[in-house]
Q: 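Have a look at this one before I ask anything.
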Amino acid sequence: MENVISDILTGLGLAITLAGAWITARAVILKEDDAIDIGLARFSGETREENLRLPMVQNLLASSRGARRGLLFIAGGTALQIVPIGIRLVSLAFA
C-alpha cells in the first residue's frame with residue numbers, strides 16, 4: 001500500500017510539474033508582431049520585414065524560441081516519467 005500512495009504522490013507531483021512547464025512555455029511564446037512592438041522605438045523601419053531584421057527584435061525572438069524549446073523538453077521529460085507510474089497504477093487496479 002505504501003508503494004501505491006508513493007506512486008500516486010509522485011505522479012501528482014510530476015503532473016503538476018508538467019502543467020507548470022506547459023503554462024510557462026505558453027507564456028514565453030512571443031509572436032513576431034509582439035517582438036516588434038516591444039523591441040522597437042515607435043519610429044523604426046518602414047515595413048514589418050525591416051523591423052524583424054533589427055537586432056533587438058531578433059534577440060527577443062531568439063530568447064522566446066530558446067525558452068519555449070527548453071520548457072517543452074522539461075514537459076516531455078516529465079511526461080515520460082509519468083508513463084511508468086501510470087502503467088504500474090493501472091496494472092495494480094486490475095490485478
Q: Is there a continuous path of hydrophobic side-chain contacts, each under 4.5 Å between heavy atoms, that joins Leu72 to Ile29?
A: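 Per the 4.5 Å side-chain linkage, Leu72 and Ile29 are not co-clustered.
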Q: Among all residues two or more places apart in sequence or in another chain, which pass the side chain to side chain contact (heavy atoms under 4.5 Å, CB included) test with Asp33?
A: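 Residues passing side chain to side chain contact (heavy atoms under 4.5 Å, CB included) with Asp33: Ile36, Arg48.
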Q: Pairs under 3.5 angstrom only: tabulate donor-acceptor contacts from the side chains of residues 60-67 to other protein residues two or more places apart or in another chain.
A:
unit_1, atom_1, unit_2, atom_2, d
Ser63, OG, Asn59, O, 3.1
Ser64, OG, Val28, O, 2.6
Ser64, OG, Leu30, N, 2.8

Q: Under a 4.5 Å cut-off applied to non-hydrogen side-chain atoms, are Thr47 and Asn51 in contact?
A: no
Q: Is Ile82 reachable from Ile23 through a run of I, L, V, M, F, W or Y residues, each pair having side-chain heavy atoms under 4.5 Å apart?
A: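 No, Ile23 and Ile82 fall in different hydrophobic clusters.
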Q: How close do Ala25 and Leu71 get, counting heavy atoms only, and between which atoms?
A: N-CD1, 3.7 Å
Q: Hey, could you give me each pair passing salt bridge (charged side-chain N to carboxylate O under 4.0 Å, His left out) that has a residue in residues 73-86? Not counting sequence neighbours.
A: none
Q: Could you list the cluster mates of Val90? Members are the ILVMFWY residues connected by side-chain heavy atoms closer than 4.5 Å, either directly or through other members.
A: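 Phe94, which link up through side-chain heavy atoms under 4.5 Å apart, make up the rest of the cluster.
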Q: Linking directly or through intermediates, with side-chain heavy atoms under 4.5 Å: list the remaining ILVMFWY members grouped with Leu12, chain and number order.
A: Ile16
Q: Kindly state each residue pair satisfying salt bridge (charged side-chain N to carboxylate O under 4.0 Å, His left out) with at least one member in residues 10-25, sequence neighbours excluded.
A: none
Q: If hydrophobic residues (ILVMFWY) are linked whenever their side-chain heavy atoms come closer than 4.5 Å, directly or via other members, who joins Phe73 in its cluster?
A: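 Direct or chained contacts put Phe73 with none.
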Q: Is there any salt bridge (charged side-chain N to carboxylate O under 4.0 Å, His left out) pair reaching into residues 8-17, and which pairs are they, with sequence neighbours excluded?
A: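 Salt bridge (charged side-chain N to carboxylate O under 4.0 Å, His left out) check on residues 8-17 returns no pairs.
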Q: Side chain to side chain donor-acceptor pair (under 3.5 Å): which pairs involve residues 14-31, sequence neighbours left out?
A: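 Qualifying pairs, neighbours excluded: none.
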Q: Return the CD1 to CG distance between Ile87 and Leu92, rounded to the nearest 0.5 Å.
A: 12.0 Å
Q: Could you name each residue pair satisfying side chain to side chain donor-acceptor pair (under 3.5 Å) that touches residues 69-95, not counting sequence neighbours?
A: Asp7-Arg88
Q: What pairs with Glu46 under side chain to side chain contact (heavy atoms under 4.5 Å, CB included), at least two apart in sequence or on another chain?
A: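 For Glu46 the side chain to side chain contact (heavy atoms under 4.5 Å, CB included) partners, ignoring immediate neighbours, are Glu50.
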